[in-house]
Chemist: 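Please see the structure below; I have some questions.
For clarity, every value in this text was computed on a predicted model and none was experimentally measured. What's counted below: heavy atoms across the whole structure, side chains too, no hydrogens, waters or symmetry copies.
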Amino acid sequence: QVQLVESGGGLVQAGGSLRLSCAASARTSSSYVMGWFRQAPGKEREFVAALSVSGSATFYADSVKGRFTVSRDNAQNTVYLQMNSLKPDDTAVYYCAARDGLRVGRRDLDYAYWGQGAQVTVSS
C-alpha cells in the first residue's frame, strides 16, 4: 500500500507559479502510475495530469496543457506538479494519486491510493 502526502500549495496571484510535491511512502512507489486531480468548490473532482511509471509519457487536461508540467523523481519517491501562468480558475484542492500497473488513467476511479490534498488559491 502506498501513502501519499502533498505539499507546496498556497496563495498566489494570477500569472504566478507554484510547485506541488507528492511524497510516496512505499519503496516500490516507482512502479506506480501517478496522477494529479483537483476539485474546486461545488464541482466534481477532475483530472489534471498523469505520468507513466518510467516518467517518459505525460498526459494533461486541455485546460492546463502548456502551463503545467508533471514529473517524477523515483529515487526520492516524489512526484511534482509545476504550475505556471496560474489563473483564478485553477483554484482548487489538488490531489495526487497512484495506481498499480502500467496503464495511465484519466478517471479518479482508475486510482486506488490518494493523498490528503493541498489547497491552491489563485487571486485575480
Side-chain angles (χ1 to χ4, degrees):
Q1 187 166 351
V2 179
Q3 292 183 330
L4 305 172
V5 179
E6 299 97 337
S7 61
L11 174 64
V12 65
Q13 288 188 332
S17 299
L18 281 175
R19 188 177 79 160
L20 300 179
S21 300
C22 174
S25 62
R27 286 188 178 183
T28 56
S29 63
S30 59
S31 61
Y32 290 81
V33 167
M34 301 299 296
W36 286 96
F37 290 77
R38 67 186 182 187
Q39 187 167 21
K43 295 186 178 180
E44 293 186 352
R45 188 160 54 187
E46 64 175 2
F47 171 78
V48 175
L51 187 65
S52 65
V53 170
S54 67
S56 62
T58 56
F59 305 82
Y60 298 95
D62 288 344
S63 59
V64 306
K65 199 173 295 182
R67 300 187 297 122
F68 291 12
T69 303
V70 61
S71 61
R72 68 192 301 161
D73 182 342
N74 286 339
Q76 299 294 324
N77 292 330
T78 302
V79 176
Y80 303 98
L81 183 68
Q82 178 66 43
M83 304 183 293
N84 298 328
S85 301
L86 282 161
K87 306 173 182 180
D89 284 349
D90 295 318
T91 296
V93 177
Y94 283 71
Y95 299 89
C96 72
R99 64 163 287 159
D100 298 298
L102 298 178
R103 189 176 69 85
V104 176
R106 291 174 177 257
R107 306 175 305 164
D108 54 4
L109 295 176
D110 293 329
Y111 294 80
Y113 309 105
W114 291 84
Q116 83 288 353
Q119 177 69 47
V120 171
T121 303
V122 184
S123 63
S124 57

Chemist: Just grab all the ring pair (Phe, Tyr, Trp, His ring centres under 6.0 Å) pairs involving residues 48-88, residues at least two apart or on different chains.
Modeler: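 Output for this query is empty, none listed.
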Chemist: So which pairs with a foot in residues 47-124 pass disulfide (SG to SG under 2.5 Å), sequence neighbours left out?
Modeler: C22-C96
Chemist: Going by side-chain contact (heavy atoms from CB on, under 4.5 Å), name the residues that satisfy it together with R103, two or more places apart in sequence or in a different chain.
Modeler: R99, D110
Chemist: Considering residues at least two apart in sequence or located in another chain, which fulfil the side-chain contact (heavy atoms from CB on, under 4.5 Å) criterion with V12?
Modeler: L18, L86, V122
Chemist: Minimum heavy-atom separation for V120 and G9, please, with both atom names.
Modeler: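 Residues V120 and G9, closest heavy atoms: CG2-CA, 4.2 Å.
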Chemist: List for me each residue that meets side-chain hydrogen bond (donor to acceptor under 3.5 Å, both in side chains) alongside R19, sequence neighbours excluded, and say none if there are none.
Modeler: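 side-chain hydrogen bond (donor to acceptor under 3.5 Å, both in side chains) list for R19, sorted by chain: empty.
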Chemist: What pairs meet the ring pair (Phe, Tyr, Trp, His ring centres under 6.0 Å) rule with one or both residues in residues 102-123, with sequence neighbours excluded?
Modeler: Y32-Y113, F37-Y111, F37-W114
Chemist: Of all heavy-atom pairs between T78 and S21, which one has the smallest distance, and what is that distance?
Modeler: CG2-CB, 4.3 Å
Chemist: So do the side chains of L81 and R38 get within less than 4.5 Å of each other, counting heavy atoms only?
Modeler: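 A side-chain contact is absent here, since even the closest heavy-atom pair is not under 4.5 Å.
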Chemist: With sequence neighbours left out, which residue pairs that include part of residues 42-79 fulfil the disulfide (SG to SG under 2.5 Å) condition?
Modeler: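 Non-adjacent pairs meeting disulfide (SG to SG under 2.5 Å): zero.
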Chemist: Going from OG1 on T69 to CG on L51, what distance comes out if it is rounded to the nearest 0.5 angstrom?
Modeler: 11.0 Å
Chemist: Partners of S56 by side-chain hydrogen bond (donor to acceptor under 3.5 Å, both in side chains), sequence neighbours excluded?
Modeler: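 In terms of side-chain hydrogen bond (donor to acceptor under 3.5 Å, both in side chains), with neighbours along the sequence ignored, S56 is linked to S54.
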Chemist: Please find the pair of heavy atoms, one from Q116 and one from V5, that lie closest to each other, and give the distance.
Modeler: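 Heavy atoms of Q116 and V5 come nearest at OE1-CA, 3.6 Å.
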Chemist: Is it true that a side-chain atom of R67 and a backbone atom of S85 form a donor plus acceptor pair closer than 3.5 Å?
Modeler: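 Yes; judged by distance alone, with no hydrogens or angles, the pair exists.
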Chemist: With distance as the sole test, does R72 use its side chain to make a donor-acceptor pair with the main-chain N or O of S52 at under 3.5 Å?
Modeler: yes
Chemist: Which heavy atom of A14 sits nearest to which heavy atom of S124, and what is that distance?
Modeler: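 A14 and S124 have their closest heavy atoms at CB-CA, 4.4 Å.
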Chemist: Tell me the closest heavy-atom pair linking A50 and V70, and the distance in Å.
Modeler: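 The answer is O-CG1, 3.7 Å.
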Chemist: Report the residues that fulfil side-chain hydrogen bond (donor to acceptor under 3.5 Å, both in side chains) with T121, sequence neighbours left out, ordered by chain and then residue number.
Modeler: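 T121: side-chain hydrogen bond (donor to acceptor under 3.5 Å, both in side chains) contacts with Q119.
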Chemist: Begin from the C-alpha positions of D90 and K87 and carry the test salt bridge (charged side-chain N to carboxylate O under 4.0 Å, His left out) through to its verdict.
Modeler: CA-CA 5 Å; D90 295 318; K87 306 173 182 180; over 6 Å; no
Chemist: For Q76, which residues count as a side-chain hydrogen bond (donor to acceptor under 3.5 Å, both in side chains) partner, sequence neighbours excluded?
Modeler: none
Chemist: Main chain of G117, side chain of E6: is a donor-acceptor contact present, judged purely on distance under 3.5 Å?
Modeler: yes
Chemist: Quick one: side-chain contact (heavy atoms from CB on, under 4.5 Å) partners of A40, sequence neighbours excluded?
Modeler: K43, A92
Chemist: Can you measure from CG (N74) to OG (S31) and round to the nearest 0.5 angstrom?
Modeler: 9.0 Å
Chemist: Looking at V2 and A24, what are the two nearest heavy atoms and their distance?
Modeler: CG1-CB, 4.0 Å
Chemist: Using a 4.5 Å cut-off on heavy atoms from C-beta on, say whether the side chain of L4 contacts that of M34.
Modeler: yes
Chemist: Residues in side-chain contact (heavy atoms from CB on, under 4.5 Å) with L102, at least two apart?
Modeler: V53
